[in-house]
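Below is one structure, written out as C-alpha cells; comments come after it.
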Amino acid sequence: MRIVDVCEVTKPISSPIRNAYIDFSRMTASLVAVVTDVVRDGRRVVGYGFNSNGRYGQGGLIRERFRERLLEADPASVRDDAGDNLDPHKLWAVMMRNEKPGGHGERSVAVGTLDMAIWDATAKIAGKPLFRLLAERKGREADPRVFVYAAGGYYYPGKDDTALRAEMRSYLDRGYTVVKMKIGGAPIDEDRRRIEAVLAEIDGRARLAVDANGRFDLETGIAYAKMLRQYPLFWYEEVGDPLDYALQAALSEFYPGPMATGENLFSHQDARNLLRYGGMRPDRDWLQFDCALSYGLVEYLRTLDVLHQFGWSPSRCIPHGGHQMSLNIAAGLGLGGNESYPDLFQPYGGFPDEVTVEDGHIVMPELPGIGFEGKSELIAVMRALAE
Ligand SMILES: O=C([O-])CC(=O)C(=O)O
Ligand SMILES: [Mg+2]
C-alpha cells in the first residue's frame with residue numbers, strides 16, 4: 001500500500017461579492033488528489049481535498065515542497081500500526097519535516113488541503129464514512145445529524161435591501177434557521193439599516209449572525225458592539241484583527257451576547273493564545289477554526305486537545321468554510337455544527353446531492369470517505385484531476 005501520485009490544480013472560485021476586507025473577484029482554490037495503489041469496490045482509492053475560500057490556491061507550495069515529501073516517504077513508515085491503512089499523523093509529520101515552528105501562513109493551507117485528501121483516502125480504505133472512523137477512534141458515538149447555518153449577505157454592486165432580504169428569505173425557504181450577513185463594509189448607519197431590514201424579513205423565524213471579517217479597530221468594534229447589542233443576534237463575528245487578542249478581550253466588556261472568531265487562526269498554538277488572552281467565554285462564544293486552512297485534521301485534533309485543557313467543549317466549535325470535511329468532524333467528534341454557503345463557492349461547498357436542510361440540520365449520508373462521491377458536480381471535477 002502506497003501513495004503513487006499527488007496532483008494539484010488551482011481553480012477559480014471567483015464571484016463579484018465582497019466582505020469588509022476583501023473582494024472575491026480573483027479568488028482561487030487548490031484542488032488536490034492523493035492517488036493510492038489500493039483498490040476498493042473495483043476502483044482505485046483516490047483521496048480528494050481542497051482549501052476553503054478566503055485564502056488562495058497553494059499550487060506553488062504543494063508542488064515545490066509537500067508533494068515531493070509525500071512521494072519520497074518510505075511507504076512502510078507511513079502506514080498505521082496494523083499495517084493495513086495509511087496513517088494521517090505519520091504523513092503529516094512527513095509533510096512538516098524541516099519546517100520551522102511559528103509563522104502559520106500559507107503553508108498551513110497547503111498542508112490542510114493535502115491532509116483532507118489523506119483522510120478521505122484513509123476512510124475509503126477503511127470502507128467507512130470519515131465521521132464514523134473518527135467517532136470509532138475516539139471511542140464515542142457519532143451523530144450524523146449536524147447543525148448548519150447559511151452564510152451570505154455579502155456586499156456586491158447594486159445590491160439593495162430588497163435583494164438582501166430576498167437572499168435571506170431564500171435561506172429560510174431552504175430550511176435554515178440561522179443566517180449570516182456581512183457588516184463593516186459600509187458606514188455604521190447603513191449597516192444598521194441592512195441589519196434591521198434582515199431582521200424584519202426573518203421576523204423571528206430564524207436568528208441572524210453578523211461578520212465584520214476582522215475589519216475594525218477597537219474604537220469601531222466598540223461602536224458597533226453598542227449598536228449590535230440592541231438586537232438578539234446569534235453572534236458578532238471576527239470584530240478585529242485575528243491576532244489581536246487584547247482587542248477581542250476588551251470587546252467582551254461591551255458586548256454581552258455571543259461572539260465568534262478563529263477562522264484566521266491556523267495552528268493549535270494560535271488557538272491556545274486566543275483562549276489564553278482573548279477573553280472568549282466558554283458558555284456563549286463560538287470558535288471557527290477551519291481545518292482546511294490550518295494544517296488539517298491532524299492539527300485540528302491538537303486544537304481540540306487545547307480546548308479541552310482550557311475547559312471548552314467541542315460543541316462550541318462551528319468551523320468556517322462550508323465543506324464536507326468539517327461536517328464529518330462535526331458528526332464524528334461532536335462539534336456544534338458547520339457553516340454552509342448555499343449560493344457560493346460551488347461546486348466545492350455544500351452537501352451530497354440527496355441531502356436537504358431541515359430545521360437547520362442535515363443528516364450525513366453513509367458514504368465511504370468524506371462523501372464527495374455523493375455530490376455529482378464536485379466528484380466530476382475531482383475525477384478530472386485524477387481517478
Ligand atoms: O467572507 C469570507 O471571507 C468568509 C467568512 O468570513 C465566513 O464565512 O465567515
Ligand atoms: Mg467569517
Side-chain angles (χ1 to χ4, degrees), residues 12-29 50-57 105-106 108-109 112 147-156 159 164 167-168 171 176 178-186 191 194-195 198 207-216 221 224 228 233-244 247-248 251 258-266 270-271 274 278 280 285-294 316-327 330 335-346 348-350:
I13 50 165
S14 54
S15 69
I17 57 174
R18 71 176 173 88
N19 63 34
Y21 226 102
I22 62 166
D23 70 60
F24 288 74
S25 57
R26 302 271 172 103
M27 187 52 63
T28 59
F50 51 85
N51 64 272
S52 339
N53 74 81
R55 303 282 155 170
Y56 295 83
E106 304 282 301
S108 67
V109 184
F147 166 73
V148 288
Y149 75 91
Y154 281 82
Y155 300 96
Y156 68 83
K159 185 173 184 177
L164 179 62
E167 179 194 346
M168 296 295 158
Y171 298 147
Y176 291 94
V178 175
V179 297
K180 185 164 93 180
M181 64 184 276
K182 298 299 176 183
I183 59 167
D191 275 340
R194 293 170 64 247
I195 289 166
V198 170
R207 305 278 307 277
L208 173 65
V210 297
D211 185 358
N213 284 95
R215 179 79 270 178
F216 299 150
Y224 267 77
L228 295 170
L233 297 181
F234 191 71
W235 71 47
Y236 177 21
E237 174 176 336
E238 210 180 25
V239 181
D241 186 274
L243 292 167
D244 192 341
L247 177 148
Q248 180 64 41
L251 272 164
M259 286 193 280
T261 193
E263 69 177 67
N264 289 303
L265 298 182
F266 292 166
D270 284 337
L274 176 69
M280 300 286 284
D285 291 332
W286 300 96
L287 303 171
Q288 300 173 294
F289 316 121
D290 174 357
C291 67
L293 302 179
S294 55
R316 301 312 301 174
C317 295
I318 300 184
H320 165 271
H323 46 76
Q324 286 172 254
M325 180 72 178
S326 286
L327 281 179
L335 308 186
N338 195 30
E339 182 165 18
S340 157
Y341 306 94
D343 295 332
L344 296 167
F345 311 125
Q346 291 305 328
Y348 301 97

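The first residue in the sequence is number 1, and the count goes up from there. Both ligands and their constituent atoms are indexed starting at 1 by order of listing. Source: prediction; values computed, not measured.
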message = Checking the N or O distance criterion of under 3.5 Å, is ligand 1 in contact with Glu238?
response = no
request  = Could you label the plane-to-plane angle of the His320 and Tyr341 rings as parallel, tilted or perpendicular, counting under 30° as parallel and over 60° as perpendicular?
outcome  = perpendicular
request  = Using the side chain to side chain contact (heavy atoms under 4.5 Å, CB included) rule, take Phe289 and Asp270 through it: C-alpha gap first, then chi angles, then the decisive distance, then the call.
outcome  = CA-CA 10 Å; Phe289 316 121; Asp270 284 337; over 6 Å; no
inquiry  = Heavy atoms only: which of Met27, Arg55, Gln288, Lys182 lies closest to atom 5 (C) of ligand 1?
reply    = Lys182
query = Would Arg215 and Tyr224 satisfy side chain to side chain contact (heavy atoms under 4.5 Å, CB included), going step by step from the backbone distance to the final call?
reply = CA-CA 11 Å; Arg215 179 79 270 178; Tyr224 267 77; over 6 Å; no
request  = Show the numbers, then the answer: is there a side chain to side chain contact (heavy atoms under 4.5 Å, CB included) between Gln324 and Asn338?
outcome  = CA-CA 9 Å; Gln324 286 172 254; Asn338 195 30; over 6 Å; no
query = Considering only heavy atoms, does Asn213 approach ligand 1 within less than 4.0 Å through its side chain, its backbone, both, or neither?
reply = side chain
inquiry  = Counting C-beta onward and ignoring hydrogens, is there a side-chain heavy-atom pair between Tyr21 and Glu238 closer than 4.5 Å?
reply    = no
Heavy-atom nearest neighbour in the protein, as seen from atom 9 (O) of ligand 1, with distance rounded to 0.1 Å = Lys180 NZ, 2.7 Å
4.0 Å heavy-atom contact, Asn53 with ligand 1 = yes
ask   = What protein heavy atom sits nearest atom 8 (O) of ligand 1, and how far off is it?
value = Glu339 OE2, 2.5 Å
request  = Please name the pair of heavy atoms, one in Gly337 and one in Ala330, separated by the smallest distance, quoted to 0.1 Å.
outcome  = O-CB, 3.9 Å
message = Run Ser15 and Tyr154 through side-chain hydrogen bond (donor to acceptor under 3.5 Å, both in side chains) and show every step you take.
response = CA-CA 11 Å; Ser15 69; Tyr154 281 82; over 6 Å; no
query = Using a cut-off of 2.8 Å, how many protein N, O or S atoms lie below it in distance from the Mg ion (ligand 2)?
reply = 3
message = Only heavy atoms of Tyr341, strictly under 4.0 Å: list the atoms of ligand 1 that pass.
response = 4 (C), 7 (C), 8 (O)
ask   = If you measure every N/O of Asp211 against every N/O of ligand 1, is any gap under 3.5 Å?
value = yes
message = Distance alone, cut at 3.5 Å: any donor-acceptor contact between the side chains of Lys182 and Tyr155?
response = no
Separation of Tyr236 OH from Asp285 CG (nearest 0.5 Å) = 12.5 Å
Glu263 contact mode with ligand 1 (heavy-atom cut-off under 4.0 Å) = side chain
task = Classify the contact between Tyr154 and ligand 1 as side chain, backbone, both or neither, using a heavy-atom distance cut-off of under 4.0 Å.
result = side chain
task = Walk me through it: do Asp211 and Asn19 pass the test side chain to side chain contact (heavy atoms under 4.5 Å, CB included)?
result = CA-CA 9 Å; Asp211 185 358; Asn19 63 34; over 6 Å; no
note = Among non-hydrogen protein atoms, atom 3 (O) of ligand 1 lies closest to Asn19 ND2, 3.1 Å
task = Would you check if there is a donor-acceptor pair between the side chains of Asp290 and His323 at a distance under 3.5 Å?
result = yes
task = With Val178 as reference, evaluate Tyr149, Trp235, Tyr171 under the side chain to side chain contact (heavy atoms under 4.5 Å, CB included) test and give the passing residue.
result = Tyr149
Part of Phe24 with heavy atoms under 4.0 Å of ligand 1, whether side chain, backbone, both or neither = side chain
ask   = So, do Met280 and Arg316 sit near enough that their side-chain heavy atoms are less than 4.5 Å apart?
value = no
ask   = Does any N/O atom on Tyr149 come nearer than 3.5 Å to any N/O atom on ligand 1?
value = no
message = Closer than 4.0 Å to some heavy atom of His320 - which atoms of ligand 1 meet that?
response = 4 (C), 5 (C), 7 (C), 8 (O), 9 (O)
